[in-house]
Structure formats: structure tokens, C-alpha cells
**Q** 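For reference, the structure I am asking about is given below.
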Amino acid sequence: MKTPPDFRDELLAWYDREKRALPWRGTRDPYAILVSEIMLQQTRVDTAIDYYKKFMARFPDARALARAPADDVLSAWAGLGYYRRARMLHAAAREIVNNHGGAVPRDFDTIKSLPGIGVYTAGAIASIAFDMNVPAVDGNVIRVLSRILAFRGDPFVGPGRKMIDDVAASLARANERPRDWTQALMELGAVICAPQNPLCLLCPVRAKCAAQKSGLVLKIPPPKKRRASQKVRHAAAVVRRNRKYLFLKREIESINAGLYEFPTVECTNGVDVDSQLGTFVRESAGFEIEVHATVARIRHTITFHRIEVDARAANAVGGHPTARTAWLSSVEARERGVTAATRKILDVLNTGGAEAPPVAGAKINKKQKI
DNA sequence: AAAGCGGGGCT
DNA sequence: AGCCCAGCTTT
């Protein structure tokens, strides 16, 4: 293991002066800290704040969350993305109530065994909620430590990652303020030691940073190898009747489970999209439709998939709804929770279409650029 | 338009 | 170690 310089005093003093006032920093309630940590997975602090406040008001403790219906939890999460987190958090609350008397367990391995909680999140909860001397190594911490050490290998995987984990563990062990230490390291990574534009002039650890001394800050960590992205084309049916749209609720055990979306098919080369869409809507939502012009074209990127969705106006000419079918206004659908692609389409319909949302069959130039 | 960031779970 | 989940920011 590399031996890092002792920068604990400088970093903690900086944290005491500069830490952001965040709602979950005003509490020591382990449940509240657990909720905040799940929300902060893959989500920026600024985005999480409002959701956190609403979520805590609605589900103030593990028992309240555990007894809530899944749809309520999902709707509180609507707009935050990565909805599997909501399901896992719900399951974790139920485990906490059923197996741990309603209180977040105080043992690292037991915390980590809860659904949706991996090594990083368990470390964050153990250190922040229970002041335990354990590390919480997220992407920020990996970047900060690899720069301070001027580590030239890949710190995210293999031996490099193990070295970083060892360093983080030794720093956490030899620490009198574990709760603040965990947050200070991540705060530095988020506020100062940014990936692209680090504010080294303002950094409290500047004098002890090996990458700074050797001018290597921007070369550490090295760029990651990524899979080449892949284009995918989808077509969605925007079926409007009165003031409502036809939505499908996604099935359990699928991507975006439980969320609502415009009926969507993946386009295959050589297959007629209109009839493909018609068949899908008949089989899934129970309605016969006529497919008309494109009313929105949106892009949605997730990991290496670049999805382009062609939203087609359509009208229902008969049929009976299935259990998954719901006629909802745009507001109602957003409240229940819609997929990201459907939200983007709704945004176009509500702004691009302005006062009069697209009516099925309206004359709209198919080649319009959006 | 493309590249970049990034945890948890699973195999 | 590599893939899947199904998103936003930066360049």
C-alpha cells in the first residue's frame, strides 16, 4: 500500500468552515441518512434535496415506509430516475421492520446485507450515522486519493482499486471524527477536486497533493475504456382522447417497473412501424389505433444505448382497456411516475405543441425538425 | 452529438 | 471481470 501524507487536520478544518448546509446533515437519524445515501447514488446533491425533504415528510421512519404501497413509494420517487433504487429502499425498510425491530442495524455486514446497499453505501451509513471507523469509497474518494498519491495506474479496478481501498481504510481507522471525515472527503471531491476543472487554488490539501506537485492533476485518474455506443430507434404511440392520453403501466420485473409510458416498440429494419405499433397497442392496451404524424422526436441516452424515439400521434378507434391501460392527463401521469423518455415526449407536447396539444390526425409535417 | 461519470446487483 | 440497470452534465 502507498502511504498517503497526513492531511486529516487540513481537510477537517476546511470541512468545518466550508461544508454545505444540507438537509441530511441536520440529523443523526440513521433512517434519514440511509434514505439520503440511496438518493445520492448516481444523483447530484442539488437534485436530491427537494426529493429528500418530500420523501421524509411522507415516510418519516422505516415503519411508515415499510407499510406504504409500492405505488406510493414510486410516485414519491417520480422524476429522480433509477427507479430500482426506490423498490430496493422499500424492501430495505421492510427488512428493517421485520428483522431489526424498525431500527437501522448498527453492524456493517448487516447494513450491507440490506437490499440496494453495497460496500460504499454501507460504509457511508456506518460512518455517518453511527460514527464508525469504516471507509466509504465512492468515485469522488477514488479521484481525491489517487491524486493526492499521484497514483498512475487505474484506481477504479483491480490492484489499483485495492490499494485505494486500503488507504481509505487506514485513514478512516486512524480518525477521531469518522462521521465528518467521510463527508469531508466526498465534499472535497464534489466541490474542489472535480474531474475536469479542479479548483486546486482553493484546495485545503494542495500542499500535500503529489499530483499537484508534479503537475499531473488532470492526468489522474486516467480515462476509462468504454464500450462503443449503439443506436436504437423506438416508436411511441401518443393516443389522445378528450384531455387524456393512453398510457401503459410497465410490468413488475421489467425495466422501469411500475412506471407509466406511451406504448413503445423498438423499430426493426424492414418492418412497417405503423402496423408494428398498431399490433403492440392492440395486444398490450387493448385498443385498435390509427397511426398518424410524428409529433415529437426525442433522444434518450442510457449507458451505451443512444435511443431515438419517434412519437406518433394516433387515435383509438375501438377496444377495451387491459389491466395495464390508463387514460391520464399529462399532470396525472407525471404524478404517478413516467419513464424518462415519456417525460421528454410530454415536455415537447406541452411546450412545442403550445396551447393546443397535438390532435390525432392533425396536419403536421412529417419531416419537421425537432 | 458525443463523451464522461458511476453505484449496486448479478453471473 | 464484465454486464446490466434505463440518467444527467460537460464538452
Side-chain angles (χ1 to χ4, degrees), chain A residues 34 36-49 51 74 77-92 111-125 135-144 146 154-162 164-165 168 182 186 189-191 193-198 218-234 236 250-262 264 266 297-309 337-345 347 369-370:
Chain A
L34 189 157
S36 74
E37 282 301 330
I38 301 295
M39 281 193 178
L40 290 168
Q41 290 169 359
Q42 287 130 323
T43 304
R44 300 172 65 83
V45 163
D46 292 347
T47 309
I49 289 176
Y51 284 94
L74 201 53
W77 208 269
L80 250 188
Y82 292 104
Y83 298 90
R84 204 165 59 156
R85 293 182 296 172
R87 290 208 312 280
M88 301 250 221
L89 175 57
H90 196 198
I111 297 171
K112 191 191 161 302
S113 76
L114 295 170
I117 297 184
V119 176
Y120 158 73
T121 308
I125 294 168
V137 181
D138 73 346
N140 283 321
V141 172
I142 291 174
R143 189 173 59 252
V144 167
S146 57
D154 184 343
F156 286 92
V157 294
R161 175 58 194 261
K162 179 169 187 333
I164 294 289
D165 283 345
T182 287
M186 292 196 283
V191 175
C193 198
Q196 308 293 332
N197 297 301
L218 292 176
K219 294 206 178 296
I220 297 174
K224 292 183 190 174
K225 300 177 199 91
R226 286 173 195 282
R227 215 207 287 194
S229 65
Q230 179 181 320
K231 284 188 182 173
V232 186
R233 294 190 56 85
H234 287 179
R250 291 196 57 95
E251 288 172 305
I252 312 283
E253 305 297 318
S254 75
I255 291 170
N256 279 325
L259 296 183
Y260 289 83
E261 67 180 1
F262 291 122
T264 302
E266 184 171 342
R297 192 168 283 143
I298 61 101
R299 260 175 276 274
H300 181 58
T301 309
I302 359 135
T303 61
F304 57 93
H305 296 291
R306 293 207 309 272
I307 305 169
E308 209 172 281
V309 186
V338 295
T339 65
T342 289
R343 190 179 68 244
K344 289 178 186 177
I345 294 169
D347 287 345
K369 290 189 177 165
I370 297 171

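Here is the naming used below: chain letters follow the sequence lines, and residue numbers restart at 1 for every chain.
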**Q** Check every strand shown and say whether A:T301 touches a base, only sugar-phosphate, or nothing at a heavy-atom separation below 4.0 Å.
**A** base
**Q** Nearest to the side chain of A:H300 - B:dA2, C:dG7, B:dG7?
**A** C:dG7
**Q** Scan A:F156 against the nucleic acid and name what it touches under 4.0 Å (heavy atoms): base, sugar-phosphate only, or nothing.
**A** nothing
**Q** For A:Q42, answer base if it contacts any base atom (sugar-phosphate contacts may also be present), sugar-phosphate if it contacts only those atoms, and nothing otherwise; contact means non-hydrogen atoms under 4.0 Å.
**A** base
**Q** For A:R250, report the nucleic acid contact type (base, sugar-phosphate, nothing); a contact means any heavy atom under 4.0 Å.
**A** nothing
**Q** Using 0.5 Å steps for rounding, measure from the OG1 atom of A:T342 to the CG atom of A:L259.
**A** 9.0 Å
**Q** Expressed as a whole number of Å, how far does the C1' atom of B:dG6 sit from that of C:dC3?
**A** 14 Å
**Q** How do A:I117 and A:Y82 order along DNA chain B: which one's closest nucleotide is nearer the 5' end?
**A** A:Y82
**Q** What's A:Y120 touching, base or sugar-phosphate or nothing? Going by heavy atoms closer than 4.0 Å.
**A** sugar-phosphate
**Q** Would you classify A:R85 as touching base, sugar-phosphate or nothing, given that sugar-phosphate means primed atoms plus P, OP1 and OP2, and contacts are heavy atoms under 4.0 Å?
**A** nothing
**Q** Take atom C1' in C:dA6 and the same atom in B:dC5, then report the distance between them in whole Å.
**A** 15 Å
**Q** C:dC8 phosphate, OP1 or OP2: any side-chain N/O from A:R343 under 4.0 angstrom?
**A** yes
**Q** Hey, does A:T303 reach any base, or is it just sugar-phosphate, or nothing, if we go heavy atoms under 4.0 Å?
**A** base
